[in-house]
Amino acid sequence: MNVNQSAPPVPPFGQPQPVYPGYHQSSYGGQPGSTAPPTSYGAYNGPVPGYQQTPPPGVSRAPPSSEAPPASTAQAPCGQAAYGQFGQGDVQNGPSSTVQMQRFPGSQPFGSVPLAPVVSQPAVLQPFGPPPTSAQVTAQLAGMQISGAVAPALPPVGLGYALPPGSQMTGPPGPPPPMHSSQQPGYQLQQNGSFGPARGPQPNYGSPYPGASTFGSQPGPPQPLPPKRLDPDAIPSPQLNELPPQQKTRHRIDPDAIPSPIQVIEDDRNNRGSEPFVTGVRGQVPPLVTTNFLVKDQGNASPRYIRCTSYNIPCTSDMAKQAQVPLAAVIKPLARLPPEEASPYVVDHGESGPLRCNRCKAYMCPFMQFIEGGRRFQCCFCSCINDVPPQYFQHLDHTGKRVDAYDRPELSLGSYEFLATVDYCKNNKFPSPPAFIFMIDVSYNAIRSGLVRLLCEELKSLLDFLPREGGAEESAIRVGFVTYNKVLHFYNVKSSLAQPQMMVVSDVADMFVPLLDGFLVNVSESRAVITSLLDQIPEMFADTRETETVFAPVIQAGMEALKAAECAGKLFLFHTSLPIAEAPGKLKNRDDRKLINTDKEKTLFQPQTGAYQTLAKECVAQGCCVDLFLFPNQYVDVATLSVVPQLTGGSVYKYACFQVENDQERFLSDLRRDVQKVVGFDAVMRVRTSTGIRAVDFFGAFYMSNTTDVELAGLDGDKTVTVEFKHDDRLNEESGALLQCALLYTSCAGQRRLRIHNLALNCCTQLADLYRNCETDTLINYMAKFAYRGVLNSPVKTVRDTLITQCAQILACYRKNCASPSSAGQLILPECMKLLPVYLNCVLKSDVLQPGAEVTTDDRAYVRQLVTSMDVAETNVFFYPRLLPLTKSPIESATEPPAVRASEERLSNGDIYLLENGLNLFLWVGASVQQGVVQSLFSVSSFSQITSGLSVLPVLDNPLSKKVRGLIDSLRAQRSRYMKLIVVKQEDKLEMLFKHFLVEDKSLSGGASYVDFLCHMHKEIRQLLS
Ligand SMILES: [Zn+2]
């Protein structure tokens, strides 16, 4: 067969394509989402003349769906978030206030690296058609030729472009902020959005500005009086001959001359945002995840489902080893699509089920080759010749293509679904609809914080918006309720009861479900009893003194209840504390920050008992997915508690020091989204590949009992599975390489389905072709997940060094084999990978791999497991946050303002900025911002009157206020978790939190600045090449 570079076929399934209502973002509860009304499937045919106007037999028109529910009125704005509210009660497990900000061994390996000459050569734009045959694409760092050595007399300097001390144009771009007094602890925001107490006055706080001297443990030189913060855009770069003599020998690197993420993102938007991405051609690199584009499926899966590290893979394992570029795919099988794109068609082959290869069991797909007049087909994965069953027979046209190819999704599309037959069901029985069980901690902390009352009130309305399918009037999902502290309380909410009945199980060591009938019920049938129960729960436990909780028995109970009801489902656990009560899965506080940067640091990430893995395995066997909402006031051992959610495809949410008035908006938004999202249950995913490569490693939230099947008790539209491939044979340029991801799952209505995604990649015998077709965002997604798993088994420093070495090898191989000859002093980066160093540095200095003293063990474990399931867009913004100036672009402009680089140098004190990373959202206000702007946004007359730490902007009727609030809503709508806003004033204490996210700068925890890291990478590459 030839799928190679063939002209894209005529769109087989016409526009407008049908919309999949189930995947619309619901608008309930203030979640901004699609405004498109749910629509039924459009006709399964297109404008192509000659094709039938009605759906062919076998195409089901019943997609899964949950209708977009109406907006809720239950939204209560948070009160103003005062600075002092954070971290209260979070002290016990945080480092004590006497701990000094440490510079950990190995945490700053780049300080003494001689600054490397960087040479400017124009980058060659990556063409998107067939790659050029020339291997001499030398996409390079723009920069300047500088030579010489670091003047030994000078103190080590962080950034080569730092200007001479004392000059108004030099030195750190901002004055050190007034530091915390020892009476008032500062708080440092972690990447996960939670706060921990920061230390008191820190010796380093005053100096670690970009460009300031903070290397090693030696104190920096006396700081000159800080110059006024200047807008770096307004500063002319000093020329070498303007520098004092002693500076002339030193390197200067203009930060504007090194590859800019902002520029790359903007260029891609401009070049690729206007045209749809048509998937008919093999090996096309899709637009970046930061570009808005539409996808037309013409035979390969949309990049929303699958993204690869490279779309042109080396033919041999030797080449692959030489390049060290990981071959991986980030797969999001149930990804939500924008309303304009068609969701996968559902194909029903009746009792015969989907057609598969007899040998390798691959599913029928556009790459299968029909032969012998259509009577047989050759498998594109294993080459086996299969008979075509009589009912599937069709004639071939003169090109060898079946004449019905464009009438059948499985012959013309990259993604589609099959209805599964009973053979694909557990115990050869079609599944029952799934169930949701809400399991609520009612111990003292949960009651006192107001959580239980808030949650019960919310559930009363939220239960009307459970996921449903197609045009179903109501959700098929049944619900059940459990409360617990040291014991469990089950509730009978049978519709015939006048009042709910409670049954207490105190034997938590041998958990059983005390009632079957009346535990899992239909919401509308039992509404009165459920409402009564949810009214009573907060009252029943209002005076509780019980502080101890159990945890594993709660999951066990939920899983047993699903087992008894013979269905899959999801447990929603709302939990507050370390489970220290006597029970299976009992935990002890083993947090020990002294382990950081020792060989035992890995134990902080490992579960403290194997009991939870065993429990998770049972859950997976039952199709029991666990979503965990944590409300800790102190250490709860996230590393252990998240084992079951992680292995069952669930999610973990964490609200440290939860207080209703400050955190309810964030919690309720997350809860609404989580409860309503479409989930596939009891799922198994298998990735098949054509001969020559195979899937060897998997990353994500799932369980594997063998080496090939990814088992997911639940899988939602946000979760990805990253798959790594290795060669087991030689690949062939002509036939390319094929991937087929098949996901077998039970829909929200209990229908058993198979979702198939196919993707064809090119293969190359020239390394240059590999480097021309890489996707750095996907590479970073893979490398971060690889590293974050690595910390379970290796010292963090080893993990960091491994990443650096791999990156250097990738770039050195390019330099050696692909770049045009040039002086060794030049740093030459492949165009597609020119952001690899800056992004990799962000991974290296993330909280998991290089924690600051204020980052808690739980925060690190939490972030570690979050990143494991992130898609490429999420890792991209998480590691390199988006920084948007708000007043530079015209107010009337409808588009998002162009971002600026995440560095303090880019901040102008006359402007206001939004910064987001998918979990956190800051509004930074410059000290010299115009008074009119302050008035328009905050309704106060001066900068000094703005409340620092504010989390809600006043609703004001002026264009700027509307624009900024609209932008905040739009940023939140783009992310899978609610981002709470924090207003940060320039030179206020809270600014330290904000600066944590300026990732191009040197970080307090010792992370290198972008420039320093680039120099270090250059040195590593030169060592490899010499
Ligand atoms: Zn086969």
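Start at 1 and go down the list; that is how both ligands and their atoms are numbered. On a predicted model such as this, the values are computed, not experimentally measured, just so you know. Just so you know, these numbers use all the heavy atoms, side chains as well, and skip hydrogens, waters and symmetry mates.
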Discussion item. Quick one, P366 and L411 - any side-chain contact, counting heavy atoms below 4.5 Å?
Written reply: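 Of all side-chain heavy-atom pairs linking L411 with P366, none is under 4.5 Å.
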
Worksheet item: Quick one: CG on N781 to OG1 on T875, what's the gap to the nearest 0.5 Å?
Response: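 Between atom CG of N781 and atom OG1 of T875 there are 4.0 Å.
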
Worksheet item: Can D397 and T399 be counted as having a side-chain donor-acceptor contact under 3.5 angstrom?
Response: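 Yes, because at least one side-chain N or O of D397 sits under 3.5 Å from a partner of the opposite role on T399.
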
Worksheet item: Distance under 6.0 Å and angle within 45° of the ring axis: does R402 meet both against Y392?
Response: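 That pair qualifies as a cation-pi contact.
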
Item to complete: Establish, for the pair R694 and F381, whether the NZ or CZ atom is under 6.0 angstrom from the six-membered ring centre and no further than 45 degrees off its axis.
Response: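 No; the conditions do not both hold, so R694 does not lie above the ring face of F381.
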
Worksheet item: Taking the Zn ion (ligand 1) as the center, what protein N, O or S atoms are found at less than 2.8 Å?
Response: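 Within the sphere that stays under 2.8 Å of the Zn ion (ligand 1), the protein atoms of type N, O or S are C357 SG, C360 SG, C379 SG, C382 SG.
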
Item to complete: Taking only Lys NZ, Arg NE, NH1 and NH2, and the carboxylate oxygens of Asp or Glu, determine whether K426 and D682 approach each other closer than 4.0 Å.
Response: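 Result for this pair is yes, salt bridge flagged.
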
